[in-house]
Amino acid sequence: MPLLFLWLAWKKETLSLFLLLLFFSIPAYTFQELRHASMPEYAEEYSGTAFFKEGYKVDGDAVRGLMVLDDGGIVYANYRFSNPEEMRQKTPSIHNSVFAVSGGFEEIDMPSHEYAFDMADYLKSNGASAVLTLNKFEYLKESTGFLAAMAERREKLKTHIRQSFPASLSTEAEALLIGEKEMLSKEEQRIQQTLGISHLFAISGLHVGIISGLLYFLMLRLGVRKEDAMAVLLIILPLYALLAGGAPSVWRAVSMTSAVLVFRLFRIRLPIAHILLLSFILFMAIDSYAIYKIGFQLSYGASFGIIYSLKILGTLKSPVKIGLMITFLSQFTLYPLLLIHFYGLSLSSFLVNSLFVPLYTIVILPINIILLGLTLVYQPFADFLFYYYEPFRSIMTDWTVWLAELPGQMWVPGKPSGIFLMAMIAGIILFYSCAEKGFRWWKIGIGMMPAIIFTVMPYVDGALRVTFIDVGQGDSALVELPYRKGVYLVDAGGLLRFGREGFSDRQRPFEIGRQVVAPYLNGNGISKLDALIISHPDADHAEGADEILQLFAVEEVHMSPGSHKTELAIGLEKDLDGVTVRFPGRGSVWSIDNTKFTYLSPSDEEYTGNNDSLVLLMEYEEYKVLFTGDLEIDGENEILKNYGELVEDTTILKVGHHGSKTSSGEGFLKKLNPDLSVFSTGKDNRYGHPAEEVKGRFGNMALPTLNTAEAGTIEIVFYKGGYTVSTMK
C-alpha cells in the first residue's frame, strides 16, 4: 500500500483519484482489522452445519480446507476418513454439499521459525479464526444458489478434463483452463519456480485476453454486431472467473477487461491506469482480506509496473524488444514481493519468458482451449489431435526439465527486513523516475543497489552462527562460519512414518526437509551447502536429506562409515550425482581460518546403530560446540576415553539421542560441563523425550538447557569474544 501511494504521488495522478483510493482503502483495511478482532471465539467443541469453501484438498485419508460454519464464521477444518469406503462415498459430494459436523478446536502452534508456514497468519489472511478437527462429517443436503451451481459446473469441468484429456496433458490443461493446480507435483512446481514461469499457470490477463479475443473474433465471424459481442463478453467473463476458481489474478483481469468493454460501449474515455486503480478499489471494498494474498499482490503489482511504464515501452519499436522489456519490468517491479514470499527469484526468467510467453500465448493456451471445446463437442476429433499434440508436448516437457537443471538460475538473497524492503521499493521508484527521462540499462543499478547491499551483507558479517532448527522429533543444525566462508548442515530432520493403510498415503506428504529446513536456509539467503553431514541414517535425522539434495547445491555429504549399506542411504543415491560423498571416522579434521572441525567418532568401518553416529566437535576461538547425533552412554564413554581433555568445558552441547534415558551419562556431563545443552525433540512426542531422569540429571548438576519443543528454533551467535542465544518462541 505505501508503494501504491508513493507511485501515485510520483506520477502526479489526479487528486480526486488519489483521494478516492485513500477513502476506500483505509476504511476497508480498518474494517478488515476490526472484523478479524471481533471474530467469534468458539468453545472447545463445535456441533452444527458447515460446508467447505472452494480450494479444499482431499489427500490420502483426509480432507482439509477452509470451512464456513452455520453462523457464518470461517475455520480451517480437517477430517480423517475412517476407511476407503467412506472416502469414496463422501469425496464426490464435498464440493457442493452442506454437512452435519462436530469436532474440537485445536490450539494454533507458533511456527518453528520465522520462515516456516504460520497457520495464524494463514487464518487471518483468509478471514478465518480457528482450526477445527472434525470427528463427525455427515452429508446433510446439497448446497443451493448461484455460487453453488457454478461450483458444481467447475467440478464437472474438472472431471471432464481428467477423463477426456490424456493423463500427461490433463494436469496442465486444468491449470491453464480453470486454474486448478492441485495435481501439479512438487517437482513441476520447482521447475516452474526455477525458470520463473509459474505465472503462466495462474490464470490472469494473458488467459483472459486470449479467451476474450477468441470469443470476440468468433462472434464477429458469425455476424454478431460489435456492441452485442461486447455485451455477451460482459456476461461470459464473470462466469468464467467463477469457473476458474475466482483467484485474485482472475478477478483483476476480468474486472479490468469488463471495465474496458463497458467504457467502450458507452464511449467513455478513461486511462487504463485509472481503470486498474478502480479495479483495485472495488476489490478492496468487496474483499479487504485479498490484500494479504500473494496472487493479489503480484497481479496488481505487475500491472501497475507495466501500465506506469508505458512511456518507456513507447520508445521501443520492435515487438521482440517490447516483450523482453515487459518481462524485465514485471520481474524488476515485483522482486521485493518475491523476496518477501519466496526469498529468491529466477535469474533465467528474463530470457526464458521471452520464449515461453509467446509459445503459451500463440500455441499452447489456444490449443488447450480448442481441445477442450472439441472434447465437449466431438471426442474422436480431439483424440486425433491429441495423437500429434501429446508427443510435441512431451518433447517440450523434457526440454523444460533440462533447462531447469542448468546451474546458477536462482538468486536467493533471503527475506529482507522492513528497512531493506522500504529501501528496495524506493530504489524501484527512483529507477522509474530516472528511466522516464531516458532509459539506459546502467540505471538498473540505481534501483538494484539496496538488493545488492542486502545480498552481500552475510559476506561482511564476522559472526559465527549455530542454529538448532526446530524440526519436531528429529535433528537439524546449521553452522554458518564468519563471512560465510563455510555453511554446514548437520542432519536434515525427518519423520518416522509408521505402517498405515495404503489409502492413507498422501499425494503430498509433509516433508521436513522441504517445508521446514529449506525455508530456513532460503530465508537466510543460503542456496549452497559446503557439506551436508548425516550423523546416522535414522529417519528423524536423515529422511529430509533427499529434499535438501534436490533443492540446494551441496558440495559434500558426510556419512557414518558403513552406513551406505542401509536402506535410507541407498535411497539417497539417486540424488548424489555430482556430490562428493565422504565417510569420515575418528580423527578426521578440517579447518577454515580459526574454526576447526574434528570427528570424534566412530572408530570402525561397520555401522551398527546409534553409537556409530558421527560425533562432530567444532572449535572456534575459545568456544566448543559438540554435535552428538544419537550417541548413547557407551559411545560417550568411548569419547571420554579418547578425547576427554579435548571435550572438557564444552560451550554448547547438542544432547545425544534427544535426551533418551540411554544417553547423557553423568560422567560425560561432568566432564563436558556445558554452558548450554540443547534438546531437539517434538512437542508431546511419543517417546517421552527428554526422559525425566535425564532432565533430572541436568537439573541436579545445574546445567542450563533449552528444548526446541518449547523454545522453537534456537540461534547462537558468537561475535567479538562473546555469544548470544535467541529463541523463536
Side-chain angles (χ1 to χ4, degrees), residues 1 3-25 28 204-221 223-241 248-286 290 296 299-319 321-323 325-326 329-330 333 361 429 432-433 435-437 439:
M1 187 64 74
L3 171 61
L4 177 58
F5 284 114
L6 285 171
W7 211 321
L8 290 173
W10 163 56
K11 294 298 293 182
K12 297 183 177 63
E13 289 291 355
T14 59
L15 180 62
S16 58
L17 188 64
F18 189 91
L19 292 176
L20 184 65
L21 179 64
L22 193 68
F23 177 78
F24 273 98
S25 60
S204 59
L206 174 67
H207 304 72
V208 173
I210 290 174
I211 290 171
S212 301
L214 284 174
L215 290 175
Y216 187 70
F217 173 77
L218 286 174
M219 284 188 284
L220 292 183
R221 296 294 293 175
V224 179
R225 294 172 57 248
K226 290 183 179 180
E227 292 78 5
D228 294 336
M230 287 190 281
V232 171
L233 285 177
L234 285 172
I235 297 172
I236 291 176
L237 289 179
L239 297 178
Y240 174 67
S249 59
V250 182
W251 280 115
R252 194 272 307 162
V254 166
S255 62
M256 287 189 64
T257 304
S258 299
V260 169
L261 292 172
V262 169
F263 293 142
R264 284 190 177 180
L265 279 173
F266 291 95
R267 293 178 172 79
I268 299 172
R269 296 176 67 95
L270 195 66
I272 189 65
H274 291 193
I275 294 175
L276 180 65
L277 288 171
L278 290 173
S279 169
F280 182 92
I281 291 168
L282 180 63
F283 216 127
M284 286 290 294
I286 294 174
F296 177 90
S299 181
Y300 277 95
S303 299
F304 274 112
I306 293 170
I307 289 173
Y308 282 104
S309 303
L310 292 177
K311 187 174 180 180
I312 299 173
L313 296 172
T315 63
L316 304 175
K317 304 302 180 184
S318 166
K321 289 183 178 180
I322 292 173
M325 183 59 74
I326 289 175
L329 291 173
S330 298
T333 305
T361 302
I429 295 175
Y432 278 119
S433 64
E436 283 205 343
K437 298 174 184 177
F439 179 81

Engineer: So do V232 and V224 actually touch side chain to side chain, heavy atoms under 4.5 Å?
Structural biologist: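 They are not in contact (no side-chain heavy atoms under 4.5 Å apart), so the answer is no.
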Engineer: Suppose the criterion is salt bridge (charged side-chain N to carboxylate O under 4.0 Å, His left out): which pairs have a residue in residues 225-237, not counting sequence neighbours?
Structural biologist: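 Applying salt bridge (charged side-chain N to carboxylate O under 4.0 Å, His left out) to every pair that reaches into residues 225-237, excluding sequence neighbours, yields R225-E227, R225-D228.
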Engineer: Give, for atom CG of L239 and atom CG of L234, the distance between the pair rounded to the nearest 0.5 Å.
Structural biologist: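 It comes to 11.0 Å.
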Engineer: Can you measure from OG1 (T333) to CD1 (I306) and round to the nearest 0.5 angstrom?
Structural biologist: 7.5 Å
Engineer: Please tabulate, for side-chain N and O atoms in residues 255-263, each donor-acceptor pair with protein atoms closer than 3.5 Å (sequence neighbours left out).
Structural biologist:
residue	atom	partner	partner atom	Å
S255	OG	W251	O	2.8
S255	OG	R252	O	3.0
S255	OG	S279	OG	2.7
T257	OG1	A253	O	2.8
S258	OG	V254	O	2.8

Engineer: Show the nearest heavy-atom pair for residues S212 and L237, with the distance to one decimal.
Structural biologist: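 Answer, listing the atom of S212 first, then L237: OG-CD2, 3.4 Å.
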Engineer: Which value, rounded to the nearest 0.5 Å, describes the distance between L215 atom CG and I210 atom CD1?
Structural biologist: 12.0 Å
